[in-house]
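On a predicted model such as this, the values are computed, not experimentally measured, just so you know.
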Amino acid sequence: MQAGETTLNKLLNTSRQFIVPIFQRNYSWQKSQYEQLWFDILRASKFKEKQNHFIGSIVYIDMGTPAGRPQQLLLIDGQQRLTTISILLCAIKDYVQKFNLETKLINLAKIKNQFLYNSDEIDEDRYKLLLNVQDKETYIKLIDNTIFTVNKPATNIIKCYEFFYEHIEDFIKQDGQIDEIYAGIFKLSLVSISLDKDSDNPQMIFESMNSTGKDLSQTDLLRNYLLMDLTPEKQTRLYKTYWKPMEELFGEDIYKNDVNKFDYFIRDFLTLKSDTGYICKINNVYENFKRYYLDNNCEKFAVLRDLFTYAKYYACIDLLQEKDDELKLYWQEFKKLDSHVVYPFLLKLYDDYSRQILIKEDFKKILQVVISYLWRRAICEIPTNSLSKTFATLYQSVDKDDYVNSVIKAFVFKSSYKRFPSDYEVREKLQTKDIYHFRLRKYLLEALENYYHKEPIDLNTANYTIEHIMPQNIEHNLLWQQMLGEDWQEVHSLYLHTLGNLTITGYNAEMSNKSFVEKVNGESGFKHSHLKLNESIAQCDVWNKKAIQRRTNILTDIILKIWKYPEF
């Protein structure tokens, strides 16, 4: 390894080409980052002659100089800042050319030959910087002034260019000189680190320079770990065969520095691969993946293939990319339940289903049992802190010769805080449970309404709201007090938010605190509602404690059919 301080001019003003490897992430700097660079450059332009502004490091592997071609340097770290500065220089070039602002310090030939082009080369060798496959065309055509020919330009590159061009315009309008910007760029210094491709370990150096994990996401680190030390040919093959398709499955947020779905997928992958059901912290998935890789003597081709296989299952389950309409309904239910802890088990089930170990009908039966288990525990307010371990180890109970029954037995035989709540427990809890403030209230009422429908409604998209039949405020409402009886305060307090007193309607505002007779018979009343949930209400003459309890029992009967207690 050779390291030393240098300037941007010294780094680029020679026949060499920095190449961003295929596995590196796309250009991703945002406004706050290139805005800071802009301010640094303007400040540096006022420095004394020997004073420079340090902007970080550039790490690269010297791949040698092929005969008749520029020196090839594979960028390992620093591609974001080098790309940003190159885009700024492109904006300066275009502005100088448009307004004919050439001076002794700055002219088009200098900008092009010192920073952007290898003037004696042809084709792609002509460019001092080559970005990865997603960004390359946009960058090349931007500096060649042919960006208008790109069908789908890389938006981050275009935004950066537009930012710098607009700031150059504003700077000149405020009596600034283009020479000042150019002089500031000449004041930028950095550490140039050249690695030997045969003796240095680029991955270890890369990790040590990004040890805090702040600049790169867990996904960045993982991708580089799997692809960095391979030959360019293998990198390209594995990237195009496995990694790029995974990027396409998970979409644009895969490289966000914040925790993203791909990080959760990797954690679930590691959990399902663990014999003990170990669940790592989400911010440590990269370190835990490395441990898994090394402990199991994994081969990169095999582990990438395995990752891609489970990533496709994950995309079906969590990203709702399932093509089977029946299965997709189940994945939608799991999304409504908002219980991510079940995913390691679901991924193993999906793998068996995909390999035809588990037939579709049995797959559906197990999914329904899992949904019932999650829902009943939520209704009965059983703490969720045991669920992660339950589902991390549940697959160990599977007997593939008696698949469904073995899973059901694993659930039914659980006790104490891991138990599968019985019909009796659910029924007792629903008598007085506050459903209105229950996190799954929409899911519950929607499921009750859809129990009767072939064309289900969706409370998240339809124009329906949750209505209290007995209103929330009856302190000054004599009609409601008289209907509830002498103990109206106790009845109101105990049953206001319970299942029997809640329904769904499109006329919540019109209902408000009206009397029960008006709520039933009015123009927007329950008698005119097409919703099944409102039929039994419309048949009542009074609404009191007994009516609420009776409706609670009716709805509970349906609930116990929807979320059944399993039998084997």
Enclosure of Glu567 CD (heavy-atom neighbours >12, cutoff 6.0 Å): no

Please tell me whether Ser274 and Tyr292 have a donor and an acceptor in their side chains that are separated by less than 3.5 angstrom. no

Checking Thr155 now: which residues fulfil side-chain contact (heavy atoms from CB on, under 4.5 Å) with it, not counting sequence neighbours? none

I'd like to check the side-chain contact (heavy atoms from CB on, under 4.5 Å) partners of Asp338; sequence neighbours left out, ordered by chain and number. Arg439

Do Asn156 and Asn26 have a side chain donor and acceptor closer than 3.5 Å? no

For Lys360, enumerate each residue passing the side-chain contact (heavy atoms from CB on, under 4.5 Å) test, keeping only those at least two apart in sequence or located in another chain. Asp324, Glu326, Tyr353, Lys364

Salt bridge or not for Asp351 and Lys348, using N-O below 4.0 Å? no

Does a donor on one side chain and an acceptor on the other come within less than 3.5 Å for Tyr373 and Thr390? no

Closer than 4.0 angstrom, basic N to acidic O: yes or no for Lys564 and Asp423? no

Distance col, row Gln80:CD vs Ile85:CD1, nearest 0.5 angstrom, shows 12.0 Å

Return each pair, listed once, that meets side chain to side chain donor-acceptor pair (under 3.5 Å) where at least one residue sits in residues 401-411; pairs must be two or more places apart or across chains. Asp352-Tyr403, Asp402-Asn405

Distance-minimising heavy-atom pair for Arg25 and Gln79: O-NE2, 2.9 Å

Residues pairing under salt bridge (Lys or Arg N to Asp or Glu O under 4.0 Å) where one sits in residues 328-337, two or more places apart or in two chains, turn out to be Asp318-Lys335, Lys336-Glu446

Not counting sequence neighbours, list each pair that qualifies as a salt bridge (Lys or Arg N to Asp or Glu O under 4.0 Å) and has a residue in residues 410-422. Arg419-Glu425

